[in-house]
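Taking it in order: structure first as structure tokens, then the write-up.
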Amino acid sequence: MIKLNHKIKTLLASLTILFLANKISAQNTEYKEYEFNNHGNVCNFRYICYAQNGDNTFGKRPYIFILGKADESALETFQSDTLKNLTHFYNYMFVYVPNRGGTANNKLYCFESLTSMLTMHYQYGKENMFLSIYDNFINETDINALSLHNVFKTIASSQYPATSTDDFKENLAAYDAESEDEEDNLGTFYYEEEEKVNQELASNPLSSKTYFGSPKTFKFTLSGFIKDKSTGEALPFANVLIKGTNTGVTTNADGYFTLPKVPSDTIVLLVSYIGYATTSIYFSPLLPKNNFIIELAPSSNVLKQVTIAAAKEEAMLAKREVVSVIKMTPKQIEKLPNIGEKDVLRSLQLMPGVSASQESSSGLYVRGGTPDQNLVLFDGFTVYHVDHLYGFFSAFNANAVKDIQLYKGGFESRFGGRLSSVTEITGKDGNQKKFNAGTDLSLLSVNAWAEIPIGEKFSSIIAVRRSYKGFIYNKLFDKYSKSSSTSTLTQQDGPGGRRFSQNAKVTSYFYDLNGKFTYRPTQKNIITLSIFNGTDKLDNSIDNSNAPSFGGNTNSNFSFSSNDLTKYGNIGSSLKWSRKWTDRFYGNTILSYSNFYSTRDRSTERTNTNSSGEETTSKNGLLEDNDLKDYSLKSDYQWDISSFSQLQFGIFGTQYDINYTYSQNDTTTIIDKKNKAILAGAYLQNKFKFFNDKLIFVPGIRANYFETTKKYYYEPRASLTFNITDRISLKGATGKYYQFANVITREDILSGSKQFWLLSDGKNIPVSSANHYIAGLTYETTNYLFSAEAYYKQVQNLTEYSLRFNPSPMGVKYDENFFSGYGFAKGIELLMQKKMGKLNGWVSYTLGQARNHFDVYTDTYFPANQDVTHEFKIVLLYNWKRWDFSATWIYATGRPYTAPSGAYSVTLLDGSSQDFYTVTAKNGLRLPDYHRADISANYKLLAPAKGDSKKRREIGYIGFSIFNLYNRTNTWYKTYSIESGSVIETNVNYTGLTPNVTLSFKLR
Amino acid sequence: MLHFHLNSDSMQARISIIVFLSVIILVSSCEKEEVSEFTDTPIIESYLQPGDYLNIKVSRQIPFSSEVSYSSDDIDNLNVQVTINDITHTLQPLGNGNYIDSSLIVSENDNYNLSFQFNSKNVTAYTYVPGKPTNVTQSATQITIERIDTSSGFPSGGLTMPDPIEITWSNPDNSYYLIVVENIEATLDPIRDFGDNAPPGNFFRKQPSNNSSEEIRSMEFQYYGTHRIIIYHVLPDYAALYNQSSTSSQNLSNPSTSITNGYGIFTGLNSDTLIIDVKKP
């Protein structure tokens, strides 16, 4: 019995021991194999992940990366590795990387991107990242060449082997280190070598497939937010597309998007935005379905024009749900040739449908319309005057601008108050993570900006620009200031004393100031304050106050000064509150103020003190003052009702307060108009998507109530997009548009034509209206875009203005004459664009016609002043290493002009003689054709980036550009004079060859 | 029609570029000479001042383009008729487009209607002679101005600047008045040194206005001696001549005129004259 007991005990004990031993040694023997990157990528290989405890997730735990011996595969290394069995490393994740042979560099190259991806960009710091190299041919020099000590806490190699497990000891306290890599990742980066590392993958951990399991959720709504990876700036109107389907959406002005009915949670999203690399995002059940943040890294060499997402393997169309839209970002504008300043609006002139031969205006002539028919919005407030320096530049500082969208026609119900087009400019919010600043210096102006974030929730940007009287400013100022005043002060009381030295101190400059402050109290709310001021001061005055004062024992003193001062500009500001109420409902409210002011003083002022000591001041000459104030409040909402319907609606109200006075001498007021009125209304539109987004139909209506006429105005609109195939789309749009505030051009011989704003009064100045009809066809592949679009616009109740003496002998004073007319514009635009590659760009051709009909001139149609029949533009961009070259060539047939048919002189009572010209056909002749070429070359300035010898950070660029390369003499207009019994015609020309150098620096 | 199913994208690109360029070349080769039309409209110049003989000058426009031609009318052989207070007179040609009726003296408040045929159109105009300026006063009949010599720099110790001359008149109906100041000396004695500039003429004028007063500053006088200050009472169509039309091709338009089928001026006017002496100290 005792024998049996002993045997059983032993058996039991051994069984127990065996059992326990088994238990212990029944460690996880399962490993997981993954593929890193796609075929063709330099870092494409299969790697193995293994954890003793069977936990295969990548999270808060230590990692040991292992590089095996030469030419070993990951599996081979795994199988021969003993480190993985040590109990010290029970909760560690082992990653086996194949040794693909070649140089040490080749073997070690991919570690950084792999580690970054697996740890979600070092989410828990680098204190628990370890590397063990079994390859004896790799030494410390090789490791340092790739700065791997910045990636791993400890590296064991044959040169410095690990002495104990303590070398790889887990540091429990160091898991939430916010790495100072933040610093390194702000900015634009380049790699100085032939083969570019896939930036997308290096920077976005979601860009490779890490989840290989089965989908868990189907048909859900995905909502989120897209922003720039380095600055945190929200990206408005970016495209999000579900790969393999036609389903996609665009982000709204604040970067939010909602994708309803996402098929499953393992789809791939294609996200694109101009100037950024198209990014694939591999969605997985592990990722959040609300507030899903996607970060895009800026790309260095892609310049896309229209909002298309293109995957690398196949041609895909993002759904362009809007018709006739052009999109630009300042990154693109930097590369185009410029004259002194990279200019937002001037760059839009290179697009089809926008006239490029109107050199003296930076306002846009879109599809035969005039700049006052183009609504310019900056962060929600209306900008009434967009010119600097006689129209040569626009009032927008490109450093403060994030995004520009130009709606060339048929625009949706959300916008109103203008007849032709809408330019929507979104300002930068400012870097949310780090302080950034920069400055630009060109031959024309100085530009400085700073982005200041405070804490996590507040970001701001301030940008200032001012011209200085350098080479380019003087050149343009001299040319345009002489030509805009066609006669000198001969008819006024000129200062008789020419003998006094007249100090003509001509000071002129323009400046603008942009400020934007953004506060994000919660994930769902954003409050923004945006401020803008752009002013031009042009001063040709003569100041005689330097002359000695005449005084002492005399009867009277006097002093006089002769002014020629023009001051005009715009102040605007908006306060905006955006809120994402739910996943599907988003709204924003904007309170804005915009003030346009324009004063012109061409007079002589004389102060006289008579013998009794009384002082009288009198002004003789022209004084003009136009002041417009716009107070607006509007609210816009967006409701994603379902996957095929998105409702947009809003209300708006504007109080206008417009004053205009024009007087000659102190005493004679010729025009004195004051208008005050409220314009209010609401709009409603719905975006329907049928047949799996093949057909998109957006009907809408906008209703207005105008206080002056006490009438309601309804503007029905609709647009349709039919995606016949993945590559071919048909589009159409139509709508009715009203305009209540108009720019009146007053012809004036003394001071050139002046423009001023007036409200319609329903009688002399009627409310103008337009009907749009647009149809288009696009064909798109990965690399090319072909587009053809035809438009027809009918415009009614246009107003022209003339100030004349009433010639009837019955006699009345100066008479204001408003003449009404109507007109139309029609045309076809063709565009061909190469989107990808080192050499890219576009070619466009527009055939158009714009005609007006004013009874006061003639009883037939005549060509409008802005009518250009043929316009051909070619823009080429080429990138080579650090250089960006661009060249543009514009060819446009001549604009119409009125030539005299005859001339005569009349002798006046004082013996002097006055010339007059008679005309027959208004705009009956054409100026010679306009063409010019511009070129530019930008050289990127790079500085070494911290922690990586190969990485370089862009800190600026030097740009060289030549405007009007072959110095073509383009005629602006002609002037006439009578000499020796015949009529002499003189051309006034546009700018000739103008070179420019720009230096641009930024911190990050 | 472009076919998109070609071998490669770059082939498509080349073809498209060729198409674009050929369109441009085709179109730009169709240039045609453009000439502005010319209509031979006569120009009339006629000022009707009380006491003058009724006179009219007719001339032609200078055409802008050299390829146009005048009408067949002879400028000295027109049937120019003026109706004064319902009596029609025919004027005699004097040559060079001048027509006169030496039996007709212009008088105040008469109504004048002009008509003649030219280029198959009936050219007509109407005017009347406004009243003489009334209650005209001048603040001073002489003004003393120091000779200013700035060639050696600014005078130290200051200059004596006399008060401006103020002219006033009655203007109950807000009509237009024009002041012309003319030096009537045989030789001109300048007040200041004109240096390199061309010497100014012996007259200057003010802008027509519908005020009832005007100031002439001492700085405006250029020469010493006796000056005539003529105050003209003019009609709006004359004042309109000072509102010169633009000389720019961007906004040329026909000049304002009160003449039908003609251009120029056919206007009545009246005046009063004052004298002022500009003296040395």
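Naming convention: chains lettered A, B, ... in sequence-line order (proteins, then strands); numbering from 1 in each chain.
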When rounded to the nearest 0.5 angstrom, what distance separates [atom1] in [X] from [atom2] in [Y]?
| X | Y | atom1 | atom2 | result |
| --- | --- | --- | --- | --- |
| Asn254(B) | Ser901(A) | CG | OG | 7.0 Å |
| Thr257(B) | Phe916(A) | OG1 | CZ | 9.0 Å |
| Ser905(A) | Ile43(B) | OG | CD1 | 9.5 Å |

Measure [X] against the heavy atoms of chain A and call it side chain, backbone, both or neither at under 4.5 Å.
| X | result |
| --- | --- |
| Val181(B) | neither |
| Leu178(B) | side chain |
| Ile230(B) | neither |

inquiry  = Can you tell me which portion of Thr986(A) sits under 4.5 Å from chain B's heavy atoms? Options are side chain, backbone, both or neither.
reply    =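 Neither; nothing under 4.5 Å.
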
task = Under 4.5 Å heavy-atom distance to chain B, tell me which part of Leu908(A) shows up: side chain, backbone, both or neither.
result = both

task = Using the side chain to side chain contact (heavy atoms under 4.5 Å, CB included) rule, take Leu909(A) and Tyr238(B) through it: C-alpha gap first, then chi angles, then the decisive distance, then the call.
result = CA-CA 10 Å; Leu909(A) 291 172; Tyr238(B) 177 78; 3.3 Å; yes

task = Name the member of Arg895(A), Lys922(A), Lys974(A) that forms the most heavy-atom pairs with chain B at distances under 4.5 Å.
result =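 If we count pairs closer than 4.5 Å to chain B, Lys974(A) comes out on top.
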
inquiry  = If we define contacts as heavy-atom pairs under 4.5 Å, which of Val983(A), Asn865(A), Thr907(A), Thr869(A) has the most with chain B?
reply    = Thr907(A)

task = Under 4.5 Å, counting heavy-atom pairs only, tell me which of Val234(B), Ile62(B), Leu269(B), Ile265(B) racks up the most with chain A.
result =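 Looking at each of Val234(B), Ile62(B), Leu269(B), Ile265(B) in turn, Ile62(B) comes out on top.
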
task = Indicate yes or no: at least one non-hydrogen side-chain atom of Thr918(A) is less than 4.5 angstrom from one of Thr41(B).
result =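 No; the side chains remain at least 4.5 Å from each other.
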
task = Please tell me if the side chains of Pro900(A) and Gln61(B) come closer than 4.5 Å, counting only heavy atoms from C-beta onward.
result =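 Pro900(A) vs Gln61(B): side chains apart.
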
task = Decide side chain to side chain contact (heavy atoms under 4.5 Å, CB included) for Val906(A) and Leu241(B); before the verdict, give the C-alpha distance in whole Å, the side-chain angles of both, and the deciding distance to 0.1 Å.
result = CA-CA 9 Å; Val906(A) 170; Leu241(B) 292 179; 4.1 Å; yes

query = Could you go step by step and tell me if Glu985(A) and Phe64(B) meet the side chain to side chain contact (heavy atoms under 4.5 Å, CB included) rule?
reply = CA-CA 9 Å; Glu985(A) 181 184 78; Phe64(B) 175 52; 3.2 Å; yes

task = In sequence, state the C-alpha distance, the side-chain angles, and the governing distance for Tyr263(B) and Tyr904(A), and then conclude on side chain to side chain contact (heavy atoms under 4.5 Å, CB included).
result = CA-CA 9 Å; Tyr263(B) 286 106; Tyr904(A) 63 92; 3.4 Å; yes

ask   = Counting N and O atoms only, with roles assigned by atom type, does the side chain of Asp910(A) sit under 3.5 Å from a partner on the main chain of Arg205(B), one being a donor and the other an acceptor?
value =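 No, Asp910(A) side chain to Arg205(B) backbone: no donor-acceptor pair under 3.5 Å.
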
